[in-house]
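Read the structure below first, then the notes.
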Amino acid sequence: MRYMFQRNMVIYWVGSGIAVFLLQHFILSEAAQVLLQQSSTISAANEALLEQLNAVSGELSLYVILSLMVTVLIVAKSLDSAKRISEGDMTTDSLHPVGRIGWGGIGKFIGGSIVISLVLTMIIITLMIFISMLATMLGASVAILLNSLFMLVAIVAVCYAMYASTLVFLETLSYRAMIRPKNWLQKIKLLGKWELAKIILLLFVIGFVFGLIATLFDALFGQLSTVAVIFTLIGGQFLTMFGFVWLGYFVESDVAENTAANEHVARLLYDADTRDMSNSEKERLAHDLHQADSHWARREYDQAIALLEPYTRSETHAPRYFPAYQRLYNWYPQNGEQGKFSALQARIIHIAAQGHERFYQLVDEALFELASENNAQIAANDIYPLAAQALAHKQPDTVLALAKDFRKRQDDHPDVVKIYGCVIQALMLKGNYDIAREVTATMIQQYPDHPDIEIIRELSSKRD
């Protein structure tokens, strides 16, 4: 409802109501205006009124043509606003009536609406003739009941057809799709018949309220008073626009679908390093991740794993395929594939040692347990970068587990001093300053000429 009271929307429904009033005032004579108000009561048997109507037919024809032009403008703006809303655009910054749909689209909608109206009119007339014949045979009381039921059903059916066809048009912008009853039924089924009934009922309620207020104005100011006429006209334009605009909230927009699809892909690839990936590579990875998740959700575990294993067989471009590593790391143990899990874990640890943060975070807990049990199974060249990452994550116990007995096994390794530099910092984090002092002294004594010994000396000076 707030959308309808944005400035540019108010200009349309208030302005169109005033425009129709001005058309009545300047085009129609007073006699023609009276006849216009009484048009619903004119019948073929009322010869006097028919003669008066013929006398002002020229005025009325011009008025009807110009009023229809105003109505077309209102419908155009309403449909365009509904399309904007369906695409998530809740602003009405422009007074342009057809920025989204175009006048060609409005022409398609009007053409489709005319076809639907003609077909429904023919069907209703045919059914009315049949019901009248049936009622004649069954008696007067039954005739009244049948006619009442038929009119009720006809009104509901026309409302459903009108709104379902409009929803189809807003989604497809095709008059061919719009006029197919099959598409209406699919839309009603998808939206829910009661949801559509709520839309129609709300419009009837708003129309009823406007009608009550208009009746009150008629009673206070007279039926042809300026206030009563303007209010009735503005209310009618508001109701027309609101009826179309509100449908925008129920339209399945391609833009919305594409946005949702893009968001889904973004979620799937959130942890992947996609900077150097082509669009086709991103799409293929996202597709395989989605399919694997679907297989796993259906307990088709082997299919899910088989789909992602090709991404983890090589460490080349491993950061691109981190989501695949992550899933398999969690799925292998659940599927009882301990051998594959151990091999993948070793591969992830090696990739983490190359400085890839996400891979380290994936195995940091397991790395501590693994290093505590037997750190010799971790490649010597990976010890320092892993220890440095553990230190950065404030995990001193992991640093100590990784470095335990490293000097005994590889006292001539190029990283040995840097590794024990991490050990000294880990001991300091744990508050073991005396042990840190002893390790510092040992390293300076054992490796006085090592290229990295200044790291140890700097730590010693900082500690002191």
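Residue numbers count from 1 along this sequence.
Residues Leu367 and Leu402 meet the side-chain proximity criterion, which asks for heavy atoms closer than 4.5 Å. Contact check for Lys418 versus Ile455: side-chain heavy atoms found under the 4.5 Å cut-off. At least one side-chain heavy atom of Arg327 sits under 4.5 Å from a side-chain heavy atom of Leu289. Between Gln345 and Ile348, the closest side-chain pair of non-hydrogen atoms is not below 4.5 Å. Within the 4.5 Å cutoff, the side chain of Ile129 has heavy atoms near those of the Ile125 side chain. Within the 4.5 Å cutoff, side-chain heavy atoms of Leu268 are placed close to those of Asp293. Residues Asp302 and Asn335 are in side-chain contact: their nearest non-hydrogen atoms beyond the backbone lie under 4.5 Å apart. Using a 4.5 Å heavy-atom cutoff, the side chains of Leu400 and Val423 are in contact.
Annotation: Gln303, atom CD; neighbour count of heavy atoms from other residues, nucleotides and ligands within 6.0 Å is above 12. The number of heavy atoms from other shown groups lying within 6.0 Å of CZ (Arg275) does not exceed 12. For Gln377, the CD atom sits in a packed shell: over 12 heavy atoms of surrounding residues, nucleotides or ligands are nearer than 6.0 Å. Open room surrounds NZ on Lys404; 12 or fewer heavy atoms of other groups in view lie less than 6.0 Å from it.
Atom NZ of Lys77 sits about 11.0 Å away from atom CD1 of Ile106, to the nearest 0.5 Å. A distance of 8.5 Å separates CD in Glu365 from CD in Gln395, rounded to the nearest 0.5 Å. Atom CD in Glu300 sits 9.0 Å away from atom OG in Ser294 (nearest 0.5 Å). In this structure, CG on Leu427 lies 11.0 Å from SG on Cys422, to the nearest 0.5 angstrom. How far NZ of Lys394 is from CD of Gln425: 9.0 Å, rounded to the nearest 0.5 Å. Here the CG-CE distance, from Leu79 to Met241, works out to 9.5 Å after rounding to the nearest 0.5 Å.
Here the closest heavy-atom approach between residue Ser117 and residue Thr121 is recorded as O-OG1, 2.6 Å. Taking each heavy atom of Pro310 and Leu307 in turn, the nearest pair found is CD-O, 3.7 Å. Nearest approach of Val399 to Ala390, heavy atoms of both residues: CG2-CB, 3.7 Å. The two residues Ile453 and Pro448 have their closest heavy-atom pair at CG2-O, 3.7 Å. Contact detail for Ala292 and Trp331: the closest heavy-atom pair is O-CH2, 3.8 Å. In plain terms, the two heavy atoms of Ala272 and Leu285 that are nearest each other are CB-CD2, 4.4 Å.
Side-chain rings of His393 and Tyr360 approach one another, their centers coming within less than 6.0 Å. Taking the six-membered ring wherever Trp is involved, the centroid distance between the rings of Trp296 and Tyr301 falls below 6.0 Å.
Distance alone, capped at 3.5 Å, places no donor-acceptor pair between the Glu337 side chain and the Pro333 backbone. Between the Tyr420 side chain and the Ala403 main chain, a donor and an acceptor come within less than 3.5 Å of each other. Glu281 places a side-chain N or O within donor-acceptor distance of the main-chain N or O of Ser278, the cut-off being under 3.5 Å. Listed for the Asn330 side chain is a donor-acceptor partner under 3.5 Å among the backbone atoms of Gln326.
Among the candidates Asn432, Ile456, Ile424, the single residue satisfying the side-chain contact (heavy atoms from CB on, under 4.5 Å) test with Val439 is Ile424. Under the side-chain contact (heavy atoms from CB on, under 4.5 Å) rule, Met178 has a single partner from Leu173, Ile116, Leu170, which is Ile116.
Relative to the six-membered ring of Tyr332, Lys340 misses at least one condition, a distance below 6.0 Å or an angle of at most 45° to the axis.
The aromatic rings of Tyr325 and Phe359 sit perpendicular to each other, their planes meeting at more than 60°, with 30° as the lower class boundary. Ring geometry for Phe169 versus Phe109: interplanar angle of 30 to 60°, hence tilted. Between Tyr321 and Tyr311, the ring-plane angle classifies as tilted under the 30° and 60° cut-offs. Relative orientation of the Tyr447 and His450 rings is perpendicular, given thresholds of 30° and 60° on the angle between their planes.
When only modelled atom types and interatomic distance are considered, His295 and Arg298 share a side-chain donor-acceptor pair under 3.5 Å. Side-chain polar atoms of Arg407 and Gln446 form a donor-acceptor pair below 3.5 angstrom. For the residue pair Arg409 / Asn375, a side-chain donor-acceptor distance below 3.5 Å is found, with atom types taken as modelled. For the residue pair Asn381 / His413, a side-chain donor-acceptor distance below 3.5 Å is found, with atom types taken as modelled.
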Check against side-chain contact (heavy atoms from CB on, under 4.5 Å), Ile124 and Phe150: CA-CA 9 Å; Ile124 290 172; Phe150 174 75; 3.9 Å; yes
The test is side-chain contact (heavy atoms from CB on, under 4.5 Å); show your working for Arg437 and Asp434 and say whether it passes. CA-CA 5 Å; Arg437 191 175 294 107; Asp434 291 340; 3.0 Å; yes
Residues Thr312, Leu308; criterion side-chain contact (heavy atoms from CB on, under 4.5 Å); working and verdict: CA-CA 7 Å; Thr312 63; Leu308 298 186; 5.9 Å; no
Apply the test side-chain contact (heavy atoms from CB on, under 4.5 Å) to residues Ile234 and Val20: give CA-CA distance (whole Å), side-chain angles for both, the deciding distance (0.1 Å), then the verdict. CA-CA 9 Å; Ile234 290 177; Val20 174; over 6 Å; no
Yes or no on side chain to side chain donor-acceptor pair (under 3.5 Å) for Arg284 and Asn279, after CA distance, side-chain angles and deciding distance? CA-CA 9 Å; Arg284 185 175 69 252; Asn279 288 334; over 6 Å; no
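Ion pair Lys430/Asp397 flagged as a salt bridge, since at least one NZ, NE, NH1 or NH2 atom sits closer than 4.0 Å to an Asp/Glu carboxylate oxygen. At a threshold of 4.0 Å, the pair Arg320-Asp273 does not count as salt-bridged, since none of the basic side-chain nitrogens sits closer than that to a carboxylate oxygen.
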